[in-house]
Undergrad: 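Mind having a look at this structure? Questions to follow.
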Amino acid sequence: MTIRVIIVDDQNMVRAGFAALLSAQSDIDVVGEAPNGKIGIDVSRSTHPDVVLMDVRMPELDGLSAARALLDPPPGVVHVPKVLMLTTFDADDYVYEALRAGASGFLLKDAPPADLISAVRVVAAGDALLAPSVTRRLITDFAKQRPRTGQSLRLNGLTQRETEVLALIARGLSNQEIAEQLVLAEQTVKTHIGKVLSKLNLRDRAQAVIFAYESGLITPGEQ
């Protein structure tokens with residue numbers, strides 16, 4: 001299945017470069033572009049992309065506001081794309097807030113081309129882009145600054161095994177690594193993750209990581 005992508009960035013050269021790179025892939029189709037978040041919302045709602053590459057800082061409407069609008073649409077809007085934030089900064093509170101809003105991760109603009117292609121595929125598949133260590137540092141740093149939100153009570157709905165899996169997700173482990181650590185089949189880990197997301201009403205792994213910090217399950221800086 002072809003992955004439909006739109007690129008929202010205020011720099012013409014960035015949009016052109018990303019579009020050329022992604023369009024060259026047999027499984028990716030760039031179906032639209034926009035120079036700011038306001039137009040990006042309109043383009044997304046008219047083209048129904050699977051993934052929106054969203055710059056963080058833009059005129060008219062920034063990427064955070066646009067991501068919120070796309071991920072929490074008004075009544076009558078059915079299509080909700082995956083959002084992958086693009087930034088030139090490795091520590092940007094906008095990105096943290098975008099992850100809280102439901103974005104599937106973020107990527108630095110100067111990342112290797114192969115990383116961008118992989119990121120689009122990962123996000124389109126329903127996974128979160130949490131591999132870069134900078135993402136974990138970002139979440140940890142901003143989690144330190146925020147008081148607990150009473151989310152700890154929601155942990156009571158998880159089984160002990162599901163709680164263990166959530167903690168390992170928050171530490172950045174892959175499904176395979178979680179399976180090895182808990183001596184489980186990888187498919188069983190996927191089942192546990194699905195139950196965690198469902199019980200906690202979380203969109204994906206990115207929100208699971210943030211929930212683990214904000215509920216107090218994981219302490220910032222804990223390994």
Side-chain angles (χ1 to χ4, degrees), residues 54 56 62-65 67-72 80 82-85 87 89-108 119 122-123 125-223:
M54 182 78 74
V56 171
D62 62 63
L64 173 58
S65 299
R68 283 176 173 155
L70 291 177
L71 295 168
D72 186 20
V80 179
K82 305 291 186 181
V83 176
L84 177 62
M85 305 302 296
T87 180
F89 306 95
D90 67 356
D92 195 321
D93 58 339
Y94 276 15
V95 178
Y96 176 86
E97 295 297 344
L99 292 175
R100 292 190 73 207
S104 295
F106 86 99
L107 191 70
L108 294 177
V122 165
V123 169
D127 292 324
L129 191 70
L130 294 173
S133 60
V134 62
T135 306
R136 293 178 62 196
R137 186 176 72 246
L138 178 92
I139 293 172
T140 299
D141 287 347
F142 283 94
K144 287 178 182 176
Q145 299 175 25
R146 286 165 169 76
R148 300 303 180 210
T149 58
Q151 306 251 41
S152 58
L153 292 176
R154 295 170 64 191
L155 290 171
N156 295 337
L158 302 182
T159 65
Q160 181 178 347
R161 180 63 82 190
E162 289 164 356
T163 303
E164 291 173 341
V165 169
L166 174 58
L168 294 176
I169 291 174
R171 293 190 178 104
L173 273 65
S174 67
N175 288 357
Q176 182 178 350
E177 291 168 336
I178 294 173
E180 291 173 355
Q181 181 151 334
L182 297 180
V183 194
L184 298 172
E186 190 168 346
Q187 184 57 49
T188 301
V189 171
K190 291 180 181 178
T191 299
H192 284 311
I193 292 173
K195 290 180 178 179
V196 168
L197 297 180
S198 177
K199 288 182 177 181
L200 297 175
N201 194 28
L202 301 174
R203 185 180 178 89
D204 56 24
R205 293 172 78 111
Q207 287 198 322
V209 170
I210 290 174
F211 176 87
Y213 280 112
E214 293 192 333
S215 67
L217 177 64
I218 296 295
T219 302
E222 181 180 342
Q223 298 298 319

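Keep in mind that the numbers below use all heavy atoms, side chains included, and drop hydrogens, waters and symmetry copies.
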Undergrad: From Ser104 OG over to Leu71 CG, what is the distance, rounded to the nearest 0.5 angstrom?
TA: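 Result: 7.5 Å between the selected atoms.
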Undergrad: For Lys195, I'd like to know if atom NZ has over 12 heavy atoms of other residues, nucleotides or ligands within 6.0 Å.
TA: no
Undergrad: Between Leu217 and Phe211, is there a side-chain heavy-atom distance shorter than 4.5 Å?
TA: no
Undergrad: Checking side-chain contact (heavy atoms from CB on, under 4.5 Å) between Leu173 and each of Leu182, Ile178, Val189, Val165, which is the one that passes?
TA: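 With Leu173 as partner, Leu182, Ile178, Val189, Val165 yield a single side-chain contact (heavy atoms from CB on, under 4.5 Å), made by Ile178.
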Undergrad: Are Val209 and Ile169 side-chain neighbours, meaning at least one heavy-atom pair lies under 4.5 Å?
TA: yes
Undergrad: Of all heavy-atom pairs between Ala170 and Ala212, which one has the smallest distance, and what is that distance?
TA: CB-CB, 3.5 Å
Undergrad: Looking at every heavy atom in both Met85 and Ala67, which two are closest together, and how far apart are they?
TA: SD-CB, 4.2 Å
Undergrad: Report yes if the side chains of Thr87 and Leu108 come closer than 4.5 Å at any heavy-atom pair, otherwise no.
TA: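 Thr87 reaches Leu108 side chain to side chain.
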Undergrad: Could you tell me which non-hydrogen atom of Thr159 sits nearest to which non-hydrogen atom of Lys199, and how far apart they are?
TA: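 Of all heavy-atom pairs spanning Thr159 and Lys199, the closest is CG2-NZ, 4.0 Å.
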Undergrad: Counting C-beta onward and ignoring hydrogens, is there a side-chain heavy-atom pair between Ile193 and Lys190 closer than 4.5 Å?
TA: no
Undergrad: Let me confirm one number: the OG-CE distance from Ser65 to Met54, rounded to the nearest 0.5 Å.
TA: 9.5 Å
Undergrad: Which atom pair, heavy atoms only, marks the closest approach of Leu84 to Val123?
TA: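 Shortest heavy-atom separation between Leu84 and Val123 comes out as CD1-CG2, 4.1 Å.
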Undergrad: Quick one: does Asp204's side chain have a donor or acceptor within less than 3.5 Å of a partner on Gln207's backbone?
TA: yes
Undergrad: Within this structure, what is the CG-CZ distance for the pair Asp62 and Arg68, rounded to the nearest 0.5 Å?
TA: 8.5 Å
Undergrad: Looking at every non-hydrogen atom in both residues, tell me the closest pair between Leu166 and Ala208 and how far apart they are.
TA: CD1-O, 3.6 Å
Undergrad: Hey, what do you get for CG (Leu200) to CG (Leu158), rounding to the nearest 0.5 Å?
TA: 4.5 Å
Undergrad: Find the distance between OG1 (Thr188) and CZ (Arg161) and round it off to the nearest 0.5 Å.
TA: 9.5 Å
Undergrad: If you look at every heavy atom in Glu162 and His192, which pair is closest and at what distance?
TA: CG-ND1, 4.1 Å
Undergrad: So, does Ser198 use its side chain to make a donor-acceptor pair with the main chain of Gly194 at under 3.5 Å?
TA: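 No; judged by distance alone, with no hydrogens or angles, the pair does not exist.
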